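Inspection log for the structure reproduced underneath, given as structure tokens.
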Protein chains: 2
Amino acid sequence: MKTKAEVPIEKAAPILKLLGDKTRLTMVALLAEGECCVCEFTEIFNMSQPSISQHLRKLRDAGAVLEERRGQWVFYSLNKENELYPLVESLISQLPSQKEKLEDLERSGNRIVWCGTRR
Amino acid sequence: MKTKAEVPIEKAAPILKLLGDKTRLTMVALLAEGECCVCEFTEIFNMSQPSISQHLRKLRDAGAVLEERRGQWVFYSLNKENELYPLVESLISQLPSQKEKLEDLERSGNRIVWCGTRR
DNA sequence: TTGACATATAACTATTTACTTATATTATAA
DNA sequence: TTATAATATAAGTAAATAGTTATATGTCAA
């Protein structure tokens, strides 16, 4: 088993604070299932699109997620290269899977897959 | 190896928020080494005594720590019975040991041990 | 019972936070 | 081109946060 890396408290506290928000914590748990684009989050959370974008920006500024534009969509994914990823991953592993929320999206025809149309 | 318990996001987010503060995160890391009383925290953190008490109250209200009065002192300890303890413990395990801070206290004669005098 | 120490609470304040609405930007499609 | 869809940014606001100082409470010892 891989030994857990030590994270200085000065770095751990800000990422915990960031994930100490229900919306952002759910976001990273969703991203653990695979990449998502903004409109999917907007569909999942009962919240305005700017609010979603602002949460994602915070996650990106902290290095927790990566963004990649593809056509009109911007896809977000967990940044596994980030030095804090092991900490984030260990947290996610203790949360319930959010797969269901994505399956609901699929059923309602609002899941974006990169081919790149709604399906 | 014990399987990690799943923690609903509604419960995980608030405790992460609580620990997303450098002072409180350091407090729980210190408590992982053993119980501490308020005056020890006051000595360790460059911060007023009311501020320390307020942080400890938040940790207590969340069920993360226990308090026990012994004479004029109030000792705090990690609440290992709390349902969120496994999550807290897994976080602490990724932080550097805070033993040194306690050893500094001992050297400066400000460590309280329950016998109950300063040593 | 009085003084000193340890801790908690109250009241206040500056800062941060998480939303909102309005608007700008960017890409695609008609 | 122009309209539309997806996303980002700006500006404003109410609520939460973390600190402060002042004061109250509780314990012990002289």
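Throughout, protein chains are lettered first and strands after them, A, B, ... in sequence-line order, and every chain is numbered starting at 1. Please read all numbers here as calculations on a predicted model, not as lab measurements.
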Discussion item. From the set D/dA5, C/dA6, D/dT9, return the single nucleotide nearest to any side-chain atom of A/S53.
Written reply: D/dT9

Response to the item:
Nearest heavy-atom approach of A/V7 to A/K11 is CG1-CB, 4.1 Å

Worksheet item: So, does the side chain of B/Q49 form a donor-acceptor pair with the base of C/dA8 at under 3.5 Å?
Response: yes

Fill in: Contact under 4.0 Å: B/S48 side-chain N or O vs D/dG19 OP1/OP2
no

Practice prompt. Could you tell me whether A/D104 and A/R107 have a side-chain N and a carboxylate O separated by less than 4.0 Å?
Written response: yes

Worksheet item: Where the side chain of A/C39 is defined as all heavy atoms beyond and including C-beta, which of D/dT7, C/dA8, C/dC19 is the nearest nucleotide?
Response: D/dT7

Practice prompt. Using atom types as modelled and distance alone, determine if a side-chain donor or acceptor of B/Q49 lies under 3.5 Å from a backbone N or O of B/C39.
Written response: no

Discussion item. On DNA chain C, does the nearest nucleotide to A/G71 precede the nearest nucleotide to A/K17 from the 5' side, or the other way round? Give the residue.
Written reply: A/K17

Worksheet item: Cut-off 3.5 Å, side chains only: do A/T26 and A/Q98 have a donor facing an acceptor?
Response: no

Worksheet item: Please give, in whole Å, the distance from D/dG19 C1' to B/M27 CE?
Response: 13 Å

Worksheet item: For DNA chain D, whose closest nucleotide is more 5', that of A/T42 or that of B/M47?
Response: A/T42

Worksheet item: Choosing from C/dA18, D/dT20, D/dA18, which nucleotide comes nearest the side chain of B/R24?
Response: D/dA18

Worksheet item: How close or far is atom C1' of C/dT7 from atom OH of B/Y76, stated in whole angstroms?
Response: 8 Å

Worksheet, complete the sentence: Of the listed D/dT9, C/dT7, C/dT26, the closest approach to the A/Q54 side chain comes from D/dT9

Worksheet item: The side chain of A/K58 lies closest to which of these nucleotides: C/dA18, C/dA27, D/dT17?
Response: C/dA18

Practice prompt. Would you mind reading off the distance between B/E68 atom CD and C/dT7 atom C1', rounded to a whole angstrom?
Written response: 15 Å

Discussion item. Is the phosphate of D/dT17 approached by B/H55 (side-chain N or O, under 4.0 Å from OP1 or OP2)?
Written reply: no

Discussion item. At 4.0 Å (heavy atoms only), tell me whether A/T23 reaches a base, stays on the sugar-phosphate, or touches nothing.
Written reply: sugar-phosphate

Discussion item. In whole Å, I'd like the distance from the CG atom of B/L19 to the P atom of D/dT17.
Written reply: 14 Å

Fill in: Exam field: side chain A/S51 to backbone A/M47, donor-acceptor pair closer than 3.5 Å
no

Response to the item:
Side-chain atoms of A/R57 come closest, of D/dT9, C/dT9, D/dT7, to D/dT9

Response to the item:
In whole angstroms, the gap separating C1' of D/dT7 from CG of A/L56 amounts to 10 Å

Worksheet item: Can you tell me how far C1' of C/dC19 sits from CG of A/D21, to the nearest Å?
Response: 11 Å

Discussion item. Under 4.0 Å, counting only non-hydrogen atoms across every strand here, what does B/E67 touch: a base, just sugar-phosphate, or nothing?
Written reply: sugar-phosphate

Fill in: Heavy-atom closest pair, residues A/L16 and B/L19
CD1-O, 3.7 Å

Practice prompt. Starting at atom CH2 of A/W73, determine the distance to atom C1' of C/dT25, rounded to an integer number of angstrom.
Written response: 17 Å

Worksheet item: Rounded to whole angstrom units, what separation is found between the CD1 atom of B/I52 and the C1' atom of C/dA8?
Response: 13 Å

Worksheet item: Closest to the A/V38 side chain: D/dG19, C/dC5, D/dA8?
Response: D/dA8

Worksheet entry | Minimum-distance nucleotide (side-chain atoms of B/S51 versus D/dT7, D/dG19, C/dT7) | D/dG19

